[in-house]
Amino acid sequence: MLHLILFLFFGAICVAGAINLLVQSHPINSALSLIVVMASLAAEYLLLGAEFVAAVQVIVYAGAIMVLFVITIMLLNAGAEERTKGSRVAILIGIPGVVIGAVLVAWTLIGRSSTTQSVSIGALWGDPKSIARLLFRDFLLPFEVTSVLILIAIMGAVVLASRPKAVARGARKDA
Amino acid sequence: MVPLAYYLLLSGILFVCGVLGFLIKRNIITIFMSIELMLNGVNLSFVAFAAHWHALSGQVFVFFVMVVAAAEAAVGLAIIIAVYRTRETLNVDQVNLLKL
Amino acid sequence: MTPNPYLWLVPLLPLAGAAINGFFGRRSSKKAITTVALVFCGAAFAMALFLAAGFSSASAPYYCDVAHWLRSGSFQVDFSFYLDQLSLVMLLVVTGVGFLIHIYSVGYMWDDDGYYRFMSYMNLFMFFMLTLVLAKNYLVMFIGWEGVGLSSYLLIGYWFTKDSAAAAGKKAFIVNRIGDFGFLIALFLMIKHFGSLDFTRVFAAVQQQPTETAGAGLLTAIGLLLMVGAAGKSAQIPLYVWLPDAMEGPTPVSALIHAATMVTAGVYMVARSSVIFDRAPMALMVVAIIGTLTALFAATIGIAQTDIKKVLAYSTISQLGYMFMACGVGAFSAGIFHLMTHAFFKGLLFLAAGSVIHGVGGEQDMRKMGGLRLYMPWTFLTMGIATLAIAGIPPFAGFWSKDEILWKAFGASWVYWLIGVVTAFITSFYMFRLMYMTFGGDYRGAVVQEAHGHDAHGHDDHGHGHGEPHESPWVMLGPLVILAVLSVVGGFVGYGNRFEHFLAPVFQGATEVAQETSREAGDSTLEHLLMGVSISVAGLGWLLAYLLYSRRPQLPARIAASLGGLYRAVANKYYIDELYAVLFVKPLVDGSTTILWHGVDQEVIDATVNNSADAARHVSDTVRHMQSGNLRSYAGWVAAGGAVVIAYMVWMGVR
Amino acid sequence: MMMTAFSHSLPVLLAQVQTSMLPQGADYMRILPELVLSLFGMLVMVVDPLLDEESSHQSLGTIALIGTLVALASTFWMAQYPGTAFWNMVRVEGFSVFFHFLVIAIAAVVILTSYEYLAVQRIRAGEYYGLILFCTVGMCLMSSAIELVLIFIALEISSISTYVLAGFRRRDASSSESSLKYFLLGSFATAFFLYGVALMFGATGSTNIDAISHVLHSGNVPVLAYVATALMFVGLGFKVASAPFHVWTPDVYEGAPAPVVGLMSTGPKAAAFAVLLRVMFEANAPGRFWLIWVSAALSMTLGNLGALVQNNVKRLLAYSSIAHAGYLLAAFAAQPALGTSAAMFYTAAYAAMNVGAFAVVSHFANAGEKYVTLEDYAGLGRKSPVLAATFTFFLMSLIGIPITGGFFAKFYVLTAALHSNLVGLAIILVLNSAVGAYYYLRIIVMMYMREPRGEVPVTPVPTAAALAIAVCVLLTLYLGVLPGRVLDYASQSARQLVSDTAAPRASSGTPTTEP
Amino acid sequence: MGSVNMESLGPIILSLVTFIPAAGGLLILLIPRRDRDIKVFALVISVLAFVASLHLPVHLHRDPNPFKFEIDKIWITTPNIHYHMGIDGISVWLVVLTTFLTPLCVLISWTSIHERVKEFFILLLILETALIGVFTSLDLFLFYFFWEATLIPMALLIGMYGHGRRVYAAVKYFLFTIIGSMFMLAAILWLYAKTGSFDFVVIQNAIRSGSVPGFETASLWLFLGFFIAFAVKVPLFPLHTWLPDAHVEAPTAGSVLLAGVLLKMGTYGLLRFDVGLFPEQAHRNAPWIMVLALIGIIYGALVSLVQPNMKKLIAYSSVSHLGFVVLGIFSFTTAGLNGAVFVMLAHGVATGGLFMLAGILYERRHTYEIADFGGLATPMPKYATFFLVTVLASIGLPLLNGFIGEFLVLSGAFQARPIYGILAATGVIWSACYLLWMYQRIFFGKVTHEVNKALPDLNLREKAALWPIAVAALVMGVAPLVWLSAIDPAVQAALAPFTQLASKVVGQ
């Protein structure tokens, strides 16, 4: 029962945050809503007994990624978004599509016997040792490959975010 | 005891919110945030299924997804900065040089 | 059947002459050209005489297989030649008259620029005509058949810078082709049913068939189709229209091709196929009717023509009608007899007309002639003989053959005879009209003429700008004289049915029919009576012509005026050419242009293609607009697509 | 199944740790090309700051090229060690060797074509080549990974590097727009894919392809697996640019630098197709047939129709790549063994001709990608006969004229489709290739049948680009004249792949359920 | 050539003939851009190919197999593609026709092509190889390969060296044919999927023995798949509209090969593959195909009649003539088929000649409009003579080549269905109408345009190009047995299934 109450509580916060993200017109508000969502999700993870994930969620997501977002928003001095009417397709085709897809997925998620079984609160079966074993043995390769991914991200960020300077470098060969 | 389906439903709602955000938001950064929202929804699914199958690997996946999300965030925000430099706008409806 | 290894030489000799003159004539002297042309043509004539000398009815027919021509499965056609009594007669006529006309041409065409070309064409014509005559099967005959058409085309259009000549040549070829179409279908019928085109094999097969008295059958169909071909070549209704126009060619051509030889090929072909026609009475009747109608019809047009060659042309059509009438009533030998005599006197008439035209400097309008008997006595004399012959005045050649035909026609039906007699009257009238207008009275032409002032016939008398009419050189008069002699005596070969008997082996079946009819027709008294009638109508025609054109030359104009529309209709050849133009040519050209080309091709097919291309481009443009450039739209597509995919998969999973 | 290992008792676990805690040498051999590429990528990065920026283009490019060549060689070496590595993370087999070879070769040629482009466009070579090499690592892993999470990470590696590469012409608004669109939509699609992975994990309890295959083979497939397949298809369909997830392609291709388009229209696409093959065939995804059928038909039709009126050559080739994705997908609808081999051959042939075509385009586009409209190609046949002839050759291959690889590619797909009695799809394919002929022909017409426009300069083709084009011509020709060996290899590995599906390997430790 | 020599040549001669031109074309690539050298070289190569190809008919009878000079090597194992070539009495002459026309094309292009000469002759020679290949291939795949290979060189010839709306014409040509051939490809692949072979003989045997699964239901579609490809190429009404455009805009050599050989690919394909593989379907569908052929004959002729453009006129006349071929083929009679093959050859020579002649005129006056001429027989008598001979051959005058084929076709059609034969025979009249009318308008009358008065007559090179045409037209007309004796057995073999069919029908 407690489990259900906690789930519903954090779940409600989570959904509210998500909806707020959509409703807010200023990106900084959206970013803050997203942080709320993430925090409440961390709580949900704890309810599911995934304490490692919960911790990482707070550290990586809320701590690192969202900081990036906020900094970018600040950097670009992004204001409230304009209500331009750019896309009829997104509204007329996309949203109905999303609704239909969502209903169908929800229906499959609820209606199946395999998913109606309950999970117990904070089962805590994922001890750090097991996780480490997984991470550094079975998932060693993805783990290592992730370093390549991060390397790429760094390179990409450097290349793209740095100010292009070649314009000042004089005439091009072909010109 | 909470049925697994509740968690899945919550994750689905988050995912759909992300998709909707992508469709209706005009600010590129907010759109990007919507993607993060979708990933978060997926993460919840992973953890819930991990609990269901009693398989820790689901939690490890979440870890990887987060790393990917971080990498994406770095690159994505850099791209957004680059776009802002050339176009001076963050409104996605105005980023439409390439079309037809 | 006796092999004769020399037969193939006869047609080939003129071909060699044609080839030599054609390839080397441009750079040769006129003497050399003349020599080549005459030698090879003469050699053919000599060969023909040689063959005739060795000819014996007992061992006829002769044949000669030269080579295989084509083969397809079991069907085979060879280059093979064939000589029997019928082809012998034709052979002699063609080579003989042909040779004479060649000689005449030397004089007539000497000054023409394209002399070598002309001689080469003439030789080429001889080749094809002889191939036609000597063929042993229908397909080799068809070579000649088409070949003479080609030569005719070339020779009519000889003065190609003249638009009318070029058009006439084309018209001749195309109208002939219409006839050939019928001929071809007849050949296909033979191939289909008899498996061969060889005369002997076809006729042998035909003889197995019963006579189609009850109605139209295979043989009737073949006969009718052959008649279509014959009508094209021999200028019968309704395909006669090309022959008057063909007079655009040089006069020797008119004499040789459009009077003496080629146009009679149809008669020859019908006679050759007598076995078929015998068993197809209905086809035979059609032949007779067409012949009779043509004879009368063309004769009436002849009355009002003022162009000397046009008169002769319609006369030729009319006489050919006679021949078909003869064939139609089963009197093939009479037809061939008339063919022969006609070759003499009509050839002579044309040559003499040519001499006249030559003499007056290219003028062909008889209204501008007159009194030429004084200027060109030889021409007058020979042409007079020919006129007497064609008019059917005894004892000239034409009388015998025409009388034979009329007699046989009477045996079949008195209607044929009556029309024949009327035609004979008209013939006599317009021929003597021609004589009086040309030679009688005073010269009406412009005496002083510019040297090259007559554009219309500029080439005809190149370099002959004369002050006044003059007689032709002897190289031209010689053939006239010879032909005149033949026109006088030619009829006597038929005396006492000798000609008929000679040809009898060829027309075995046919002669029986003819004899039957003549027996039925009665005794010789009747024959003499009819003969008297025909002589008297000929005389009457002469008299009328004399009255109108010699005694009261102003009368014809008044009569013409009083007849009004009728006269104009006759003078304009009953507007048949115009009718054909309106009925066939114009609809064809306009229809092809507007309906088929612009209509179907461009408006329907191409437009369909282009429209579908446009439609594709249009759709493409629509597809392009999926790419609005808006990111959210793209996401919308992805989301919607995802929804569809999910929906499908859920359905698949639940199912 | 390895997941079940956790239910074992601790001592047993510890014992296992003793024996197999560390990867063996053979494990490294099985990812040798990836290692080589990563090392060279890092080498490029390290050398970059040491060099003067002017001169670095050549040397860095050469290092990268050597890297790819060494990687190609190491692929052969890798091929000697078939089997799984890193605890069922990757598997070396004919299939993965084929795609390794393919994507590395693509990378090599693209590097060659980039030499001139980078110099003219003043693009930072260090990051550029580094990203290409790392991207190749991702593509290689995509083809050999048999674990959905690794596939996801590899996919992200190749995607993120191409996102960045697309934006490399930073002074150009269209380039960054292209990058942005690619990035946002790519991430969007990746999220779908990931959700699919999550649901598949939920449905089968595993993310290992073999394990999934085994579960799905045992009958009674949960609906969740269907939905998972659908979501994964959305993600992968986006990557391979198949309709209706293709909308990003023209915009991104138009804006991205031409050599990069050459890369991303072939390499990541080929890798994505490899993943799709694994997911569809090896994992035996349920309910795929009509999904693929419709998507294939839609892709080729929309692609071809869209291309008809394009005036920008890059955009035109983008639509053409959508159409080709459709042709390729048609093979997926066929019987697994036939379809897989046909699809493999197609990716190879398509790579050869499309990289070649983009090599020509990127040379001709000149500085700032000025000359990319159809009109600019007018009279190229006169001004530069060889360049025009090679481009014509590639276009002929794209049309599917015999003696080119493109012909056999289409040919095998058609054969596979007809073999599987997909007459309808075959006819749609046939009609589409006919329509498609038109727009390729427009380029040929422009080059040969229009008068040249004076102001379009044609610079001489530098050696590197010439070499790249020559390699592409030769490969296209080779695939068009003697396709036998490649196809034999493809069908052999396809049979292997598919028979794996039919009877899950013993190494997965579970008894076979198939009769 | 000694018999020993012959033996050694046997297996490779076909490949030799096929690939000499292409090899020559590749060599031209290496020749520096000196136009004269290129032309001479191209001429030498094409003459060489012609001489080599003469070996084929001369030694044809020595080989007792149905397909002579057969060579069958594995090219690609999977799929089972063979390099299988061979000819019979039908294809041998089409090969010779190709090699015969190409040197003439080279000659006729000598001065009319003055820029991008190198490319021109390369394309021409490659085209020749592709054309020969179409006629020699016995492997369906190989056939398709050569079939498609003709497409690009021809489209480029039209598009690069043509005039006026050349691009439109080239694209139209390309699209029409490629859309058609795609259907054929699908049909070929279906056959491969079911029989596991591309080999013509193998597939034919498999079909005849009834061992192809699903053939009964598919045969109609297969037949149509092949038929569409061939019908476009022939071209059969209503798929013919690409032809006039292509011809009008094509350079002379292109037109000559297009009319002379390319169209025959369609009729040859109909005969060899459509009829050869699906006799029952061919038999069943013959009525409407013959109607289309008939429409083509008459319609082509009538439209031809009113064309103001010389080349367009000849082009439509091709539609008409090719209608005869199709009619002959689908009459399924010995005469019809013999005639059809013969018309192919005769049309190749005569119409090829007409296009050459038109090209000669174009070179002088840069127009094809008939109205721009008139009275040309005066300044150009030799030209007029050659033109007349060719026109007469085309009209089908006995003793010239057009007649033999037309006669046999009509006779065959008449045997099969009299009414068709009769309607088709009207073509005899039409051809005389349109060709003679054209001839009259171009050559007869007075010279109406001042420019035309000074037109030079044929020069030596042009005569060298035209003499072979004239001689061939005459020899084929006088001694058709040279050709027919080779064609006839092949035709009989092709007809074998139909006699069985016929007896089956009778038996019912």
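In the text below, chain A, chain B and the rest are named by the order of the sequence lines, each starting its count at 1. All values below come from the heavy atoms of this structure, side chains included, with hydrogens, waters and symmetry mates left out. Remember, it's a predicted structure, so these values are computed and weren't measured experimentally.
Between A:Leu21 and B:Ser34, the closest side-chain pair of non-hydrogen atoms falls below 4.5 Å. Using a 4.5 Å heavy-atom cutoff, the side chains of B:Leu44 and A:Leu48 are in contact. Contact of the A:Val53 side chain with the B:Met66 side chain is registered, since non-hydrogen atoms from C-beta on lie closer than 4.5 Å. Within the 4.5 Å cutoff, the side chain of B:Leu10 has no heavy atoms near those of the A:Phe10 side chain. Proximity of A:Leu41 to B:Leu14: side-chain heavy atoms (C-beta onward) are separated by under 4.5 Å at one or more points. Looking at heavy atoms from C-beta onward, B:Asn40 lies in side-chain contact with A:Gln57 at the 4.5 angstrom threshold.
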### Task
Let me see the working for B:Asn43 and A:Met38 under side-chain contact (heavy atoms from CB on, under 4.5 Å), right down to the final yes or no.
CA-CA 11 Å; B:Asn43 282 350; A:Met38 285 167 176; over 6 Å; no
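Looking at A:Val56, both its backbone and its side chain come within 4.5 Å of chain B, counting heavy atoms on both sides. Proximity to chain B involves both the backbone and the side chain of A:Ala102, based on heavy atoms less than 4.5 angstrom apart. Using a 4.5 Å cut-off between heavy atoms, B:Phe15 makes no contact with chain A at all. Looking at A:Phe69, the atoms closer than 4.5 Å to chain B (heavy atoms on both sides) sit in the backbone and in the side chain alike. In this structure, no portion of A:Ile154 lies under 4.5 Å from any heavy atom of chain B. Contact of A:Val23 with chain B is made through the backbone alone, with heavy-atom distances under 4.5 Å.
Taking the side-chain contact (heavy atoms from CB on, under 4.5 Å) definition, one finds that A:Phe143 meets it with A:Leu135, A:Phe136, B:Phe63, B:Phe64, sequence neighbours left out. For the ring-ring contact (aromatic ring centres under 6.0 Å, His included) test, residues two or more places apart in sequence or in another chain that qualify with B:Phe22 are D:Phe188.
Annotation: maximal heavy-atom pairing with chain B below 4.5 Å, among A:Pro142, A:Gly11, A:Ala64, A:Gly94, occurs at A:Pro142. Across B:Val19, B:Val16, B:Ile24, B:Ile29, the residue that shares the most heavy-atom pairs under 4.5 angstrom with chain A is B:Ile29. Here A:Ile95 is the residue among A:Val105, A:Ile95, A:Val159 with the most heavy-atom pairs under 4.5 Å with chain B. Counting heavy-atom pairs under 4.5 Å between each of B:Gly12, B:Ala69, B:Gly41, B:Ala78 and chain A puts B:Ala78 at the top. Across B:Asn91, B:Val92, B:Val62, B:Ile80, the residue that shares the most heavy-atom pairs under 4.5 angstrom with chain A is B:Asn91. Taking chain A as the reference chain and counting heavy-atom pairs below 4.5 Å, the highest number among B:Val75, B:Leu90, B:Leu37 is found for B:Leu37. Of the listed residues (A:Leu149, A:Ile19, A:Leu75), the one with the most heavy-atom contacts under 4.5 Å to chain B is A:Leu149. In terms of heavy-atom pairs under 4.5 angstrom with chain B, the leader among A:Ile73, A:Leu8, A:Ile150, A:Ile71 is A:Ile73. Interface check for chain A: of the options B:Leu9, B:Ile13, B:Leu39, the most heavy-atom pairs under 4.5 Å are formed by B:Leu9.
A donor-acceptor distance shorter than 3.5 angstrom exists from the side chain of B:Arg85 to the backbone of A:Ala161, with no hydrogens or angles considered. Between the side chain of B:Lys25 and the backbone N or O of A:Gln24 there is at least one donor-acceptor pair closer than 3.5 Å.
Contact record, A:Ala50 with B:Val47: CB-CG1, 3.7 Å, taken as the closest heavy-atom pair. The nearest pair of heavy atoms linking A:Ser30 to B:Thr30 is OG-CG2, 3.5 Å. Annotation for A:Leu34 and B:Glu36: closest pair CD2-CB, 4.1 Å, computed over non-hydrogen atoms.
Once rounded to the nearest 0.5 Å, the distance linking SG of B:Cys17 with CG of A:Leu22 reads 5.5 Å.
In this pair, B:Tyr7 and A:Phe7 present their aromatic rings perpendicular. The plane angle is above 60°, beyond the 30 to 60° band.
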